[in-house]
Amino acid sequence: MNIQQISQGLLAKFEKSRLVFWQDTDIEFKEQLEELDINDIEIILLDGQSHLEIKQRIELQEPNTPFLLYSNVAPNIPERDWLFDIRLYSEDFYADSSSMILNELGMRMEFRPIISQYRAFFTNKVRVNRLKKLLPHSANKEELELALLAATLKIDSPTFTGILLDFLVKQGNDIHDESLFDELSKYNLTATFWRFAADEVGYVLEKNDDGSTTEPEFIDLIIKLLFTECYQSLINSGLSSSHSIFERFKINLLPIHLDEHGKKDYSDRSGLNSSKRATAVNIIKSMRESRSMGDAYNKLASFIEAELELKNLLGTITSPQDLQRVETFESAEQQFIILLVKKINELDKVEVDALISHRLTTHWALIQPNYAAILKAIRAAKQFYTLKQKYIDGFQYDSAKEMYRAYEAELYKFDMAYREFCQHANQVAHNGSDILKKTGLVNDIETLYVDWYLHDLAITWGKHIDQENLLNDWEIMGVPNQYDFYNHQVESIFNTSQVQKVFVIISDALRYEVAHAISDQINNEKRFSSEIKSQLGVVPSYTQLGMASLLPHNKISAHIGSKVEYKVDGVSAHGTENRKKILAKHNGLAFKASEVLGWTNDEGRQMVKDTRVVYIYHDQIDAIGDKAVTENQTFEACADAISEIKLLIERIINRLNGSRVLVTADHGFIYKSSDVVDSDRATLQAQPKGAVEAKKRYIIGETLPEGDNYWQGSLNTTANLALDTENCSNAEFIVPRGSNRFNFVGGAKFVHGGVMPQEICVPVLRVRELDKKQQTKLSKERVPVVPLANPIRLVSLNDKIQLLQAGAVGDKYIARELEIWVADPDGNVVSHKQVAMFDATSERQEDRRHNVIIMLNGSGFDRNISYKLMMRDITQPNRPIDLEPVSVTIDLAIQDEFDLF
């Protein structure tokens, strides 16, 4: 520092006071006093003079004269210092580098030893300027040191949590990087970091037998952080023996407790009320749940998991409930899945659904779609098992009508559960995992579906067909026939409402249960309403006959030549162009779904302008399932069909001004994932004489023979074909009994054409737009969620509260996802934010109770202050809704963590 800078600094002090003390204890500037350019200011050398005389001079003799009081000796204690009272109202000046730095930072001189300790840091103006931006006003020693750490690491958060997270991310991105602490070492800050690690998360080094301590290692801190979070999650899951599991690794959990000799002390296990443990747990959770830090977390967790062979550790846990809240390591997710599959038949459906709903909101299921697919497959399997238990005595009905209605009401859920299971299991297999196969779940569900459900369903249904002679009178009382679709469904809308235009979506092979999924999804939304019913499909249940029966007509006739052709009032019903001709007679049009989805708004409105009926042909399921090379993708095609049909409905109503949409199909289908075998074949020595069209599941011709392994019938009965039309044929059919096939040519897993409920229970969805009043009346509310205790009382930093889902998800309510945390009266967040899904469908209140773990951050909670439990609906992340807060009392008690659960 040059003499000019000192002069300017002194003059600045004299602007505040006429008396300035300069304690130059290092005697750096004594010889430069005469060079000072400080105008008429008197300089008094305090050392060696009577301080009493100096006091008389500056206060009594020259009360207006400015004095610089210079000394190379530290002041006496106040009791022996004649000038102490003057010092209290005067200014102090320091000219050493540490003091000048403090002046520049606007900090008190008491921090001069700290500046000296980290002197190397202040040799660079860029670093100093960075530090200025990070220092809080009136910073204390800890805040200054944290700002020094943050400025050195070039991060914006001068908190230990922010600094530690920065280190964790850097280590995660490069596991073997040994240079993390190099910058801190340059500026003497390494020990400072470890001191904060001890203060904030309880990381200390225990002493060796010889009394020495080892150098701290960052990887050791990472291990302890991860193990502490994992341990706490096990405790939160209810596993009281979790401490003994971790002791096998001889790794202390944070905070580490040492006895008076510096040795590990195992006697103190009251970690739930340790703010240091809460900080450690929340640091790991924050890193894992952050979009920007999540990848680094995954790498760290994977490395530690492999290094310490944690699969063996978590493999000792035998209950999925004990792992329900553990997200620390991927092997916990894997072990949870294995245990859930093993225990699936020991747990009731409500418990399985709750476990899976929670796991689907957790880390590994969110970042790895394969885990979510596995969990959804298990949920579908449990649905299948639960249904099977309900029908443990088989399918027993008094009539075909009763059985058809049973399928329409509930039995279809077997097919839905099987489809959903296979869809997700296929996704898992395609991603290279065989967990569902290894655990036997795939084989068990396949066996039950094919050898029990399809087999027994076919036998019972077949008996009713035979006993009631249904194929000679293809009607079920109260169930409309497919060939009456136009009159019964389309014209009825015009006859009973003011609607001027009806849109009809015909999706090839849209099975009843798939259509039910579409209807359920629509009804869970707000603007539209969907009602699902069914119609009795034509037999054989295949495309050309089904499509013809859905068109407006007076007569449908079959014309047999080299193939079978169906005509509607004399016009061929094959192909979209021919169907347009038929519809044109009724002021109708026909389009492919791809055309409609490709229209602009103006194009679409012009296309359907002044049209009464618009048929839209959609082909996703049949296009994939009815080909040998793609039939394995049938259930994936069903999922795509659901999305596409929903999109078509939205386009029709939102862009084409449609208010009524019907969704139906030409036929359904039967599908099995396993390879077809000889027992799937219906015995037929050769193609019968008179056969014209022979497919896997039906044969059409004239004068076809009867047989024991198949049914024989006439299309004029099962499809209401006319026999009084020119050149028409008296077409007959044969279809195999049960779910068998005549041949396996071109693939045989996906079949249709017969009379099984899956093929002939043809869906009809009636979708309409709701006005605002109807939306209010008919729309489902998100299920209410309320605490079981009000006010809530928390007695530890890691406590459990119970929330009640006040209604069952179903006809009245839809599921909701909540983000839950605790805030202080000023709205500051004082706990970790937890996410919970409320989607229970049980009518029993006790099945709808939801445990949420509240993990408080920090310390200093006041039992006399009313905190708030905040609940934010994040079901639609772009439109969050805050629920009414609930009062919370935080009364931290010291208690053993093993007594909490």
Side-chain angles (χ1 to χ4, degrees), residues 146 149-150 153-177 180-181 184 193-194 196-203 216-236 251 253-255 271 274-308 310 325-333 359 361-368 371 797-798 819-821 829-835 853-858:
L146 286 170
L149 288 167
L153 299 171
K154 301 178 182 178
I155 63 174
D156 297 328
S157 175
T159 64
F160 181 73
T161 295
I163 292 162
L164 180 54
L165 283 170
D166 179 72
F167 269 145
L168 290 169
V169 170
K170 288 174 180 174
Q171 191 77 77
N173 291 331
D174 186 354
I175 293 294
H176 301 291
D177 183 6
L180 286 183
F181 284 81
L184 295 187
F193 172 85
W194 290 114
F196 276 109
D199 292 342
E200 297 288 335
V201 297
Y203 178 78
E217 293 184 5
F218 192 58
I219 195 67
D220 182 54
L221 174 57
I222 294 172
I223 291 170
K224 287 179 169 60
L225 285 167
L226 289 171
F227 269 48
T228 298
E229 199 269 340
C230 184
Y231 167 72
Q232 195 66 65
S233 300
L234 287 168
I235 287 291
N236 293 343
I251 294 176
L253 303 170
L254 297 173
S274 165
S275 61
K276 295 178 181 179
R277 173 168 292 176
T279 300
V281 169
N282 283 310
I283 284 172
I284 292 301
K285 289 182 70 67
S286 297
M287 183 183 183
R288 183 171 60 233
E289 294 170 9
S290 165
R291 290 184 180 179
S292 60
M293 296 185 286
D295 286 344
Y297 172 86
N298 298 338
K299 294 173 185 175
L300 277 180
S302 177
F303 176 76
I304 300 302
E305 186 175 3
E307 286 289 298
L308 299 180
L310 292 185
R325 300 186 185 277
V326 182
E327 303 176 56
T328 317
F329 301 108
E330 188 174 359
S331 56
E333 190 77 26
R359 292 306 295 189
T361 68
T362 58
H363 180 68
W364 299 105
L366 289 174
I367 69 162
Q368 293 194 25
Y371 288 127
L797 288 168
N798 193 85
E819 187 176 46
I820 301 165
W821 71 95
V829 178
V830 297
S831 76
H832 189 79
K833 292 186 176 182
Q834 301 281 52
V835 174
I853 302 298
I854 299 296
M855 289 178 285
L856 297 171
N857 296 331

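Treat the numbers as computed from the prediction; the structure is a model and nothing was measured.
Although no hydrogens or angles enter the test, the distance criterion places a donor-acceptor pair under 3.5 Å between the side chain of Thr362 and the main chain of Arg359. No side-chain donor-acceptor contact under 3.5 Å links Glu200 to the backbone of Thr279.
Nearest heavy atoms, Glu327 versus Trp364: O-NE1, 2.8 Å. The two residues Ser233 and Thr328 have their closest heavy-atom pair at OG-OG1, 4.5 Å. Between Asn798 and Met855, the shortest heavy-atom contact is OD1-CG, 2.8 Å. Across His832 and Trp821, no two heavy atoms sit closer than the pair O-CB, 4.0 Å. Taking every heavy atom of both residues into account, Ala332 and Val326 meet most closely at CB-CG1, 3.7 Å.
Residues Phe193 and Leu146 are not in side-chain contact: their nearest non-hydrogen atoms beyond the backbone lie 4.5 Å or more apart. Using a 4.5 Å heavy-atom threshold, the side chains of Tyr297 and Lys285 count as separate. Using a 4.5 Å cut-off on side-chain heavy atoms (C-beta onward), Gln232 and Arg277 make contact. In this structure, the side chains of Ile222 and Phe303 stay at 4.5 Å or more apart for every pair of heavy atoms. You'll find the side chain of Leu254 stays beyond 4.5 Å of the side chain of Lys276, heavy atoms only. Proximity of Asn298 to His363: side-chain heavy atoms (C-beta onward) are separated by under 4.5 Å at one or more points. Pro255 has its side chain out of reach of Val201: every pair of non-hydrogen atoms, C-beta onward, lies at least 4.5 Å apart.
With respect to Asp220 and Lys224, a salt bridge is recorded, a charged nitrogen being found less than 4.0 Å from a carboxylate O.
Separation of atoms CG (Leu300) and CD1 (Ile223) is listed at 10.5 Å; rounding is to 0.5 Å. Note: Leu226 CG to Ile304 CD1 = 6.0 Å, rounded to the nearest 0.5 Å. To the nearest 0.5 Å, atom CG of residue Leu310 and atom SG of residue Cys230 are 7.5 Å apart. Atom CG of Asn173 sits about 8.0 Å away from atom CG of Asp295, to the nearest 0.5 Å.
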Stepwise side chain to side chain contact (heavy atoms under 4.5 Å, CB included) test for Lys833 and Ile820: CA-CA 6 Å; Lys833 292 186 176 182; Ile820 301 165; over 6 Å; no
Glu330 and Gln368: CA distance, side-chain angles, deciding distance, side-chain hydrogen bond (donor to acceptor under 3.5 Å, both in side chains) verdict: CA-CA 10 Å; Glu330 188 174 359; Gln368 293 194 25; 3.3 Å; yes
Residue pair Asn857, Asn282: steps toward the side chain to side chain contact (heavy atoms under 4.5 Å, CB included) verdict: CA-CA 7 Å; Asn857 296 331; Asn282 283 310; 2.3 Å; yes
Intermediate values then yes/no, side chain to side chain contact (heavy atoms under 4.5 Å, CB included), Leu153 and Leu184: CA-CA 8 Å; Leu153 299 171; Leu184 295 187; 4.1 Å; yes
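The environment of Asp174 atom CG is dense: over 12 non-hydrogen atoms of other residues, nucleotides or ligands sit within 6.0 angstrom.
Applying the salt bridge (Lys or Arg N to Asp or Glu O under 4.0 Å) test to pairs two or more places apart or on separate chains, those with a residue in residues 227-236 are Glu229-Arg288.
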Using residues 159-168 as the side-chain source, report each donor-acceptor pair under 3.5 Å to any protein atom, sequence neighbours left out, with the distance given to one decimal.
{"residue": "Thr159", "atom": "OG1", "partner": "Ser157", "partner atom": "OG", "Å": "2.9"}
{"residue": "Thr159", "atom": "OG1", "partner": "Gly162", "partner atom": "N", "Å": "3.0"}
{"residue": "Asp166", "atom": "OD2", "partner": "Lys170", "partner atom": "NZ", "Å": "2.9"}

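Contacts of Trp194 classified as ring pair (Phe, Tyr, Trp, His ring centres under 6.0 Å), with partners at least two apart in sequence or in another chain: Phe181, Tyr203.
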